[in-house]
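Everything on this sheet refers to the single structure shown next.
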Amino acid sequence: MYKPVKTELIPDVFWVGVNDWAIRIFHGYNTDEGSSYNAYVIMDEKPTLIDTVKCPFAQEHIERIQSVVELSKIEYLVMNHSEPDHSGAIAKVYALMPQATIVTNMKCKENLELLYPELKALNPKWLVVDNKSQLNIGKRTLSFVPVPMIHWPCNMFTYCQADSTLFSNDGFGQHLATAERWADQLPLERVMHLMKEYNANILGHLPVLLKNALVQASKLDIKYILTAHGVGWRGETIAPLLEEYSRFANQNYRKKVTIMFDSMYGSTARAAIAMSEGVKSTGAMVEVVDLKACSLTAVALHMYDSACFAFGSPALNSTMMPLVESAIGYCRGLKLLAGKTGVIFGAYGWAGAPTINDMTEALKKCNANVDEVKLQWKLQVNDEVLAKSYEQGVKLGMKALEVGK
Ligand code: FEO
């Protein structure tokens with residue numbers, strides 16, 4: 001009978017996760033390259049499982065664990081996060097290892113008990129840990145680093161000093177299904193792109209807490225980072241990873257303007273193009289995003305490192321176009337516009353000003369700084385409006401050069 005091949009990443013540390021080759025939407029995020037739910041077994045005197053996987057993959061996960069160790073021999077299950085992509089299989093797994101103690105923080109324990117009554121019914125043993133806790137598993141001792149909001153309040157890193165390994169769960173991940181397990185086994189630019197997309201869409205909303213996580217990680221000697229999604233990081237790939245995280249955590253945005261718009265008959269689109277030429281004339285970078293052809297995932301990726309932005313929408317039934325409203329709402333949740341300078345523009349027909357007013361109100365909720373000059377014109381754009389659009393682009397470009405790094 002076929003058994004999964006053991007995947008030993010570093011001596012005595014095995015990957016026992018699963019690839020989700022087909023997932024294309026992950027709570028609203030377009031995961032064009034799938035994802036993985038990574039879990040690990042540390043084979044020491046007290047075998048320890050780190051994290052589990054999403055529920056539909058429980059059986060494959062169990063078989064992978066069995067390729068390394070019988071579940072009845074596992075003494076600890078460390079849960080770094082309670083979100084169901086990592087915990088969905090927990091009750092099925094724990095039912096096969098009732099001798100084990102579940103090691104986690106109080107917030108995570110509370111969530112797991114709420115999410116899985118079937119786990120609670122198994123009356124598991126719990127060990128609640130915090131940043132002062134140490135767990136000896138034989139030759140190794142594990143410690144724990146709370147990293148709230150990377151990605152939920154319950155998240156923590158688990159650190160193994162003996163192997164200089166950080167089990168980072170959502171931190172440093174990418175949504176990528178792959179047979180490889182390390183970033184250096186793939187073209188690095190591909191992994192870095194997916195990592196940035198993941199940050200923009202998953203972790204991007206709280207740079208202050210991201211900074212805290214980096215400070216905590218910087219106190220540790222780290223040779224290996226084993227993530228819960230995508231590939232892990234080792235050797236020369238760690239420096240560019242931390243540099244990118246640090247850039248975002250410190251809100252060091254690029255000298256870049258992202259212009260997002262929808263258009264009915266091309267009038268608002270022409271203004272967007274003129275604006276982009278104004279930005280370009282300053283030497284700042286510019287991204288032009290026609291929302292009809294661009295997913296929210298890509299919008300977040302463009303905005304993530306942009307210093308400034310513009311939103312354009314014609315009036316539709318006295319308000320903005322739904323794609324524009326949706327993009328602003330998505331950016332609001334991820335705090336991708338907060339503190340950034342932007343302009344709004346667009347054509348109107350019979351509806352007039354309410355479009356711009358609605359956009360202004362929506363952007364206020366994003367804590368964005370919206371330029372008082374609002375470019376609005378009736379029906380067809382003309383040379384005068386195009387010239388103003390270009391000028392607004394110049395202003396945005398100058399601002400991006402001033403505040404971008
Ligand atoms: Fe990958 Fe927040 O779970």
Side-chain angles (χ1 to χ4, degrees), residues 1-20 36-106 108-129 133-144 154 156 158-160 162-163 165 167 169 181 226-228 232:
M1 196 180 97
Y2 173 77
K3 280 188 177 173
V5 176
K6 276 190 196 181
T7 307
E8 189 170 27
L9 300 175
I10 54 178
D12 301 332
V13 178
F14 297 84
W15 178 74
V16 293
V18 297
N19 277 303
D20 190 346
S36 70
Y37 315 114
N38 300 332
Y40 303 95
V41 164
I42 306 174
M43 282 305 293
D44 206 318
E45 289 159 31
K46 299 176 181 176
T48 298
L49 173 61
I50 312 261
D51 294 323
T52 67
V53 302
K54 200 172 176 180
C55 188
F57 299 92
Q59 187 53 36
E60 184 181 340
H61 174 49
I62 288 166
E63 286 169 15
R64 284 210 178 273
I65 299 170
Q66 285 168 335
S67 76
V68 178
V69 60
E70 282 307 314
L71 276 80
S72 60
K73 301 272 193 317
I74 293 175
E75 297 210 19
Y76 294 112
L77 165 56
V78 176
M79 291 300 296
N80 285 316
H81 183 20
S82 59
E83 190 170 0
D85 52 332
H86 309 295
S87 66
I90 191 170
K92 287 182 179 160
V93 170
Y94 192 79
L96 300 175
M97 43 185 266
Q99 76 289 345
T101 299
I102 303 176
V103 180
T104 193
N105 60 73
M106 185 52 80
C108 195
K109 175 176 183 279
E110 286 168 3
N111 284 354
L112 292 172
E113 287 180 328
L114 287 169
L115 282 163
Y116 307 110
E118 65 275 31
L119 174 68
K120 209 172 169 187
L122 295 170
N123 197 22
K125 287 174 274 185
W126 295 94
L127 176 64
V128 174
V129 293
S133 305
Q134 303 260 305
L135 178 67
N136 181 267
I137 61 169
K139 293 196 257 350
R140 297 168 175 82
T141 296
L142 304 181
S143 56
F144 309 95
C154 66
M156 65 182 194
T158 293
Y159 178 62
C160 177
D163 300 322
T165 299
F167 296 91
N169 197 269
R181 300 269 53 93
L226 293 178
T227 63

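All of these numbers come straight from a predicted model, not from anything done at the bench.
- Evaluation of the salt bridge (Lys or Arg N to Asp or Glu O under 4.0 Å) rule for E113 yields K109 as partners, not counting sequence neighbours.
- We find the CH2-CD distance between W15 and E8 to be 15.0 Å, quoted to the nearest 0.5 Å.
- The heavy-atom pair separating N136 from Y76 by the smallest distance is O-CE1, 4.3 Å.
- With rounding to the nearest 0.5 angstrom, the CD atom of E110 is 10.0 Å from the CG atom of L112.
- Side chain of Y40 to main chain of T227: a donor-acceptor pair is present (N/O by atom type, distance under 3.5 Å, no hydrogens or angles).
- A distance-only check finds a donor-acceptor pair linking the side chain of N105 to the backbone of C154 [under 3.5 Å].
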Apply side chain to side chain contact (heavy atoms under 4.5 Å, CB included) to residues I102 and L119 and explain how you reach the verdict.
CA-CA 11 Å; I102 303 176; L119 174 68; 4.1 Å; yes

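- A donor-acceptor pair is defined here as one N or O able to donate and one able to accept, closer than 3.5 Å; no such pair exists between the side chain of D51 and the backbone of N169.
- Across all non-hydrogen atoms, the minimal contact from K139 to A162 is O-CB, 4.3 Å.
- Atom-to-atom distance recorded for T101:OG1 and W126:CH2 is 11.0 Å, nearest 0.5 angstrom.
- Atom CG of residue L96 and atom CD1 of residue I62 lie 5.0 Å apart, to the nearest 0.5 angstrom.
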Give every donor-acceptor pair under 3.5 Å between a side-chain atom in residues 65-75 and any protein atom, sequence neighbours left out.
| unit_1 | atom_1 | unit_2 | atom_2 | d |
| --- | --- | --- | --- | --- |
| S67 | OG | R64 | O | 2.6 |

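- In this view, H86 and D170, H229 satisfy the side chain to side chain donor-acceptor pair (under 3.5 Å) rule, not counting sequence neighbours.
- Nearest heavy-atom pair, T52 versus A89, reported as atom, atom and distance to 0.1 Å: OG1-N, 4.1 Å.
- A distance of 10.5 Å separates CG of N38 from CG of D85, quoted to the nearest 0.5 Å.
- Of the possible polar contacts, none joining the T158 side chain to the M156 backbone as a donor-acceptor pair under 3.5 Å is found.
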Determine, step by step, whether L226 and L9 satisfy the side chain to side chain contact (heavy atoms under 4.5 Å, CB included) criterion, reporting the C-alpha distance in whole Å, the side-chain angles of both residues, the deciding distance to 0.1 Å, and the verdict.
CA-CA 9 Å; L226 293 178; L9 300 175; 3.8 Å; yes

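- For the pairing with V18, the side chain to side chain contact (heavy atoms under 4.5 Å, CB included) check across K54, E63, H61, Q59 returns one residue only, H61.
- Shortest non-hydrogen contact noted between L115 and P84 is CD2-CG, 4.2 Å.
- Listed by chain and number, the residues in a salt bridge (Lys or Arg N to Asp or Glu O under 4.0 Å) with R140 are D12, D44, D163 (sequence neighbours excluded).
- Under the rule for a ring pair (Phe, Tyr, Trp, His ring centres under 6.0 Å), F14 has no partner lying at least two apart in sequence or in another chain.
- In plain terms, the two heavy atoms of L49 and A39 that are nearest each other are CD1-CB, 4.4 Å.
- Side chain of S82 to backbone of C108: no donor-acceptor contact under 3.5 angstrom is found.
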Go through I42 and T165 one step at a time and tell me if the side chain to side chain contact (heavy atoms under 4.5 Å, CB included) criterion holds.
CA-CA 11 Å; I42 306 174; T165 299; over 6 Å; no

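- N80 contributes atom CG, which lies 12.0 Å from atom OG of S87 (distance to the nearest 0.5 angstrom).
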Taking it one step at a time, do F167 and V78 satisfy side chain to side chain contact (heavy atoms under 4.5 Å, CB included)?
CA-CA 10 Å; F167 296 91; V78 176; over 6 Å; no

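- By the ring pair (Phe, Tyr, Trp, His ring centres under 6.0 Å) test, Y94 pairs with no residue at all, sequence neighbours left out.
- In this structure, the side chain of K125 engages the main chain of Q99 through a donor-acceptor pair within 3.5 Å.
- A donor-acceptor distance shorter than 3.5 angstrom exists from the side chain of T104 to the backbone of M79, with no hydrogens or angles considered.
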